[in-house]
Amino acid sequence: MMVLWILAFIVGVSALLLYRAHAWQWLIASVLWVGAGAAGDLIGPVTTAILAVVFILPSLVLSIGPLRRAWITAPMLAKFRTIMPEMSDTEKDAIEAGSVWWDADLFSGRPDWQKFAAFPAPKLSPEEQAFMDNQVEHLCDLSNDWESTQVWQDLPPKAWQYAKDAGFLGMIIPKRYGGLEFSAYAHSQVVMKLASRCSAAAVSVMVPNSLGPAELLLHYGTEEQKNYYLPRLAKGDEIPCFALTSPYAGSDAAAIPDVGIVCRGTFEGRETLGFRVTWNKRYITLGPIATVLGLAFRALDPDHLLGTDAEPGITCALIPTNHPGVIIGRRHWPLNAVFQNGPNSGKDVFIPLDWVIGGQAQVGKGWRMLMECLAAGRAISLPSSNVGYSKIAVRATGAYAAVRRQFRTPIGKFEGVQEALARMAGNLYAMDAARRMAALAVDLGEKPSVISAIAKYHVTERARKVVNDGMDVVAGKGICMGPNNFLARAYQQIPVSITVEGANIMTRCLMIFGQGAIRCHPYVLKELAAAQTEDHDAAVQAFDDALFGHLTFVTSNIVRGALQGITFSRFSSVPSKAAPELHAYYRGANQMSTLLAIASDVSMAVLGGSLKRRESITGRLGDILSQLFLLTATLKRFEDEGRPEADLPLVHWAAQDALWQAREAFEGVLANYPSRGVAWWMRWKLTPLGLPYAKPSDALAAQVAELMQTPGDARERLIAGSYSPRPEIDELAYGEIVFKMTPEVTVIEQRLRTAVKEGRLPTMPQSLPEFSAWVEGAARLQLITAQEQGTLAQYADYAARAVAVDDFPADFGRAADMRHASQTDNADEAATPEVAT
C-alpha cells in the first residue's frame, strides 16, 4: 500500500503540473492524498501534520485570492520592479509593434497542430497569375543582370518605363487609387521571379511596394495625402524612397540625429506652422532618382507650438525632392548591384506641418509607424528576392552538373559535388517554404515582426550558402564575368541583403529572440505591463494573473520536457491528417519547442535584465525558434502541394537539417551557460538520453542531388516561379534546353558505348568537328537513326553553348558600347558531349 500511495503522489503531482491545475485543484488533491495516507495507517499523526503544513496549507493560501495577492503577489511585484530590465520608449514601441502568430505557438512548448493544419495554402488569384505569366515575364525579357550592370548601370530605360506603365510600382496600392491591389503572396511571387532574372529589376520594384511612402500612406496618411500621392505612385509619376538610415545611426535607427524643430515659416507665400529640418542620410534605395522623399527625423518643439511635449519623438514626412534645400547626393555603388541607391541631406529646410504623414496627429509616432510597417515589408522583400537568386542558382547549377563531364562522367555523379547540390536544393526547399508562410501571415492580416525577422535572417543566410555552393560546383565558369555567367552577380550582391533592413548579426542576436521572448511568451509582456501600471490594486491584480499563469506554464513545460526526454517525444501529438511519414518531425518540433520554452524561462529567471546583453545565448535561443519555423514551414509546404511523393527527399533533408541545427543551438546554450549548475540540471532533467536529431545522411543527400539533376515534376516544383529565358532572348536558355535533352541522349550514348567496347566504333572524340564525323560514322553503321544523329549534333552544339565561358578584347571596359563586346569560346574548343555533357 505504501508503494501505491507514493506512486499516487508522483503521478498526481506530475499530472497536476502537466495540466496546469488551479490552486483549488491542488488543495483538493493534497487533502485527498494526505487523508488517504492517514486513513490507511500509512502515516502517523506527526507525519500527517507535517504533510498538511507542507502541502495543504500552501494550497489553501494560494486558493484564497486576497491572501495570495497580499502575502505573495505584492512583495514579488515590488521585487520584480527592482530587477526588471530598463526599456526605452523606442524599445517598447519595437516590441509592441506588429503581431504574433504561429511563432507564439512555437514558443509555447506546445504547438497547436490543429490550428496549424487549418492555415490555408497561399495561392494567386487568376488576375495575379495572368500578371505573372505576362507582365512579369515581359519585364524579365527586358532586363538581365549583365546589361543592367555592364551597360546601363541601372535597370534599362525600356524596362523602367514598362515597370511604370504596367503598374509594378503600385502592386500594394488599392484599385480605387489606380493600383493593382495584389496580395502579399503575389507581391512575393513577383519579386522572386524578377530576382531570378535581374537584381536591379527586383529591387526597383520591391522598394516602392515595401517600407516606403505608399505603405505608410495607406496605414497612416490623411485622406488628402492618399488622394494626391497614391494615384501618382501607382502610375509611376512619382518615384518614392524612404530616408531612415543616418551615418551615426545604422541598426539603431531610434538614435537618428536628424532633427526637425517646430516653428513658423513661409510656404507658398503664407506663414504656416511646420518644421525646420536638418538631416543627413545614406544607403537610401531609389534616392538618386526619387521624386518624393519619405523622411524620418526627431521632432523637437522647444516653444511648445504643438503641445506640452518638448520632444514629441520620431516623425515621418513626405517631401518633394525638388523642394528648396533638399540635396540629392551622388550614387553609392553596393557591390556592383546597380539599383539606384545614394545619400541625401538638407539643412534648415522648412516643411509645412501638412507634409507629416498623417498630419499633426502623427507627429512623434513615426517610430511605431515604421516598426509596424517594417514587419510586413521584411516578411516579403528580402526573403522573396533571395529565394529568386537561389532558384536561378539551383536551376542552372543542377543543369550544369548533369551536363558537364569530367573523366567521362557527369560531375553531378561525384559524391563531393552531390554534397553541395543537396545543400543547395534542400536549403532552397526550406527557404521557399519560409517565404510562402511569411507572406501568408501578412495576407491573413498579421504584422509578423518576429516571423519577418526570422525569414529575413535565415533566408538571406541560406541564400549565401546556396550561391557559394553553386560557385564551387561550376568552378571556373563561375568566376569569369560575362553574359553566360549565371552566378557571378548573385555571388557579388548577396552581402547587400545580409546588411539591409537590420544587419544579420543584429537580427539574430537582438531581434529574433529579443522580440520573441517578450511578444511570443504568453506572460512576460503581461508582467511587464503590470509592473508599469501606476494603480496599485490594478497592478497587483494583473501581476497576480500573469505571475501564477507563468509559474504553471513553466512547471507544465518542465514535466512535459522530462517526459519527452525519456521517450524521445514519441507519444506527443501530431496533426490528425498529417502525412504519416512525417510524424517524427512534428514530434521533434514538439520536443524542441518545449526545450526552447524552458530554456527561455530559465534564462530570464537566472540572468534577468542582463540576458539582453548575452547575445551569444539569445542568438542560439533565437536559432531554435527560427529552425522550428523553418521546419514547420517545410511540413506545411509539403501538405499544401498535395504531398507529392517525389518531393519527400527534399522534405526529409530540410526537416532533418532544421532539427539538427535546433539541437546544435540548444547544445550550444548548455555548453556556454554562465551557470554550470543550471546547465547540468537542464541536461539531466530534459535530455538524459540526449537528442536524437542528426544531419541528413549521405544517402539522402545523393537522392536530393539526383532529383536536382533529373528533369521532372519534383525539380519543376523546386524552381517554380523562377524565370527561364528563351534562346531568342538569352543564350543562358541553352543550359536548360540541353539539360532536358540529357535523358534521351543518355539512352543513345549507352548504346554507342556498347559499340565502342565491341570495337565497332572508335572512342568518342572531344573536339566538335571530330565528334560530328564520329556521329556520322555511327549513322553509317546504322547504330543510330538519322533523327538520333540530328539529336546528338544539336546536343553537342547546345552543350558547347551551355558550358561556354565569355572572353573579351584587351580594351574591354574602355569601349563606348560594351553590349556586344562579349565573345564566347571557340566552339571547336568547347566541350563536346563527352566533356561538356
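The structure displayed is predicted, hence computed values, not measured ones.
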query = How far apart are the C-alpha atoms of Phe107 and Phe513, what are their side-chain angles, what is the distance that settles it, and do they pass the side chain to side chain contact (heavy atoms under 4.5 Å, CB included) test?
reply = CA-CA 10 Å; Phe107 210 95; Phe513 183 79; 3.9 Å; yes
key: Residues Leu625, Val450; criterion side chain to side chain contact (heavy atoms under 4.5 Å, CB included); working and verdict   = CA-CA 10 Å; Leu625 177 61; Val450 177; 4.0 Å; yes
ask   = Could you go step by step and tell me if His652 and Tyr585 meet the ring-ring contact (aromatic ring centres under 6.0 Å, His included) rule?
value = CA-CA 9 Å; His652 287 307; Tyr585 303 132; 5.6 Å; yes
key: side chain to side chain contact (heavy atoms under 4.5 Å, CB included) evaluation trace for Asn557 with Val559   = CA-CA 5 Å; Asn557 279 330; Val559 173; over 6 Å; no
query = Would Arg637 and Asp647 satisfy side chain to side chain contact (heavy atoms under 4.5 Å, CB included), going step by step from the backbone distance to the final call?
reply = CA-CA 10 Å; Arg637 175 181 179 176; Asp647 293 5; 5.9 Å; no
ask   = Is there a salt bridge (Lys or Arg N to Asp or Glu O under 4.0 Å) between Glu461 and Lys465 once you walk through the steps?
value = CA-CA 7 Å; Glu461 288 294 339; Lys465 294 176 183 177; over 6 Å; no
message = With salt bridge (Lys or Arg N to Asp or Glu O under 4.0 Å) as the criterion, how do Lys526 and Asp545 come out once you've worked through the C-alpha distance, each side chain's angles and the decisive distance to 0.1 Å?
response = CA-CA 9 Å; Lys526 295 176 182 177; Asp545 294 340; over 6 Å; no
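Using a 4.5 Å heavy-atom threshold, the side chains of Arg614 and Leu607 count as touching. Within the 4.5 Å cutoff, side-chain heavy atoms of Leu62 are placed close to those of Ile72. For the pair Asn590/Ser573, a side-chain contact is recorded, criterion being any heavy-atom separation below 4.5 Å from C-beta on. Annotation: side chain of Asn504 is in contact with side chain of Lys456 (closest heavy-atom distance under 4.5 Å). The closest side-chain heavy-atom distance from Leu106 to Leu596 is not below 4.5 Å. Using a 4.5 Å cut-off on side-chain heavy atoms (C-beta onward), Phe629 and Asp103 make no contact. Contact annotation: the side chain of Arg110 never approaches that of Thr594 to less than 4.5 Å [non-hydrogen atoms, C-beta and beyond]. No side-chain heavy atom of Ile624 sits less than 4.5 Å from a side-chain heavy atom of Leu595.
Note: Leu631 CG to Gln656 CD = 10.5 Å, rounded to the nearest 0.5 Å. With rounding to the nearest 0.5 Å, the separation of CG in Leu428 from CZ in Arg423 is 14.5 Å. For the atom pair Thr632 OG1 and Leu630 CG, the distance stands at 8.0 Å (nearest 0.5 Å). Atom CE of Met592 and atom CZ of Phe666 lie 6.5 Å apart (nearest 0.5 Å). Taken from CZ in Arg620 to OG in Ser626, the straight-line distance is 14.0 Å, to the nearest 0.5 Å. Remark: Met511 CE to Ile505 CD1 distance equals 14.0 Å, nearest 0.5 Å.
Formation of a donor-acceptor pair under 3.5 Å by the Ser556 side chain with backbone atoms of Leu18 is found in this model. A donor-acceptor pair under 3.5 Å is absent between the side-chain atoms of Thr634 and the main chain of Ala655, judged by distance alone. Distance alone, capped at 3.5 Å, places no donor-acceptor pair between the Glu641 side chain and the Phe638 backbone. Side-chain N or O atoms of Arg462 include none that pairs as donor or acceptor with a backbone N or O of Asn427 at under 3.5 Å. A donor-acceptor pair under 3.5 Å is formed between the side chain of Glu639 and the backbone N or O of Ala579. Side chain of Ser452 to main chain of Arg378: no donor-acceptor pair is present (N/O by atom type, distance under 3.5 Å, no hydrogens or angles). Between the side chain of Thr533 and the main chain of Ala539, no donor-acceptor pair closer than 3.5 Å is present. Arg20 places a side-chain N or O within 3.5 Å of a backbone atom of Gly549 that can act as its donor or acceptor partner.
In terms of heavy atoms, Phe568 sits closest to Gly690 at CE2-O, 3.5 Å. Taking all atoms of both residues into account, the shortest heavy-atom contact from Arg643 to Pro580 is NH1-CD, 4.3 Å. Taking every heavy atom of both residues into account, Pro649 and Gln703 meet most closely at CG-OE1, 3.7 Å. Closest approach of Pro448 to Ala379, counting heavy atoms only: CG-CB, 4.3 Å. Nearest heavy-atom pair across Thr618 and Leu611 is CG2-O, 3.3 Å. Contact detail for Ala654 and Gly426: the closest heavy-atom pair is CB-O, 3.9 Å.
At a cut-off of 3.5 Å, with distance as the only test, no side-chain donor of Asn672 or Ser616 sits close to an acceptor on the other residue. Side-chain polar atoms of Gln591 and Tyr693 form a donor-acceptor pair below 3.5 angstrom. Side chains of Ser603 and Tyr673: a donor on one and an acceptor on the other come within 3.5 Å. Using modelled atom types, one finds a donor on one side chain and an acceptor on the other under 3.5 Å when comparing Ser569 with Ser572. A donor-acceptor pair shorter than 3.5 Å cannot be found between the side chains of Gln627 and Asp623.
Environment of CE in Met76: sparse, with no more than 12 heavy atoms of neighbouring residues, nucleotides or ligands closer than 6.0 Å. In the displayed structure, Arg717 atom CZ is contacted under 6.0 Å by more than 12 heavy atoms of other residues, nucleotides or ligands.
Applying the side chain to side chain donor-acceptor pair (under 3.5 Å) test to residues at least two apart or on different chains, the pairs with a partner in residues 674-688 are Glu667-Arg683. For residues 429-444, the pairs satisfying side chain to side chain donor-acceptor pair (under 3.5 Å) are Ser188-Arg435, Gln189-Arg435, Lys391-Asp432, Asp432-Arg435, with sequence neighbours left out. Legend: salt bridge (charged side-chain N to carboxylate O under 4.0 Å, His left out) pairs involving residues 581-603, not counting sequence neighbours: none detected.
Between His583 and Tyr586, the ring planes lie perpendicular to each other; the angle is over 60°, past the 30° to 60° tilted range.
With sequence neighbours excluded, the residues that form a ring pair (Phe, Tyr, Trp, His ring centres under 6.0 Å) with His550 are His521. Here Lys115 pairs with Asp105 under the salt bridge (Lys or Arg N to Asp or Glu O under 4.0 Å) rule; sequence neighbours left out.
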Output a table of donor-acceptor pairs, distance under 3.5 Å, between side-chain atoms of residues 27-53 and any protein atom two or more places apart or on a different chain; print 'none' if there are none.
unit_1 : atom_1 : unit_2 : atom_2 : d
Ser30  : OG     : Trp26  : O      : 2.7
Trp33  : NE1    : Trp5   : O      : 3.1
Thr48  : OG1    : Gly44  : O      : 2.7

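Residues Trp653 and Trp660 place their aromatic rings such that the two centres sit no closer than 6.0 Å.
The residues Lys695 and Asp657 are annotated as not salt-bridged, no charged nitrogen and carboxylate oxygen being separated by less than 4.0 angstrom.
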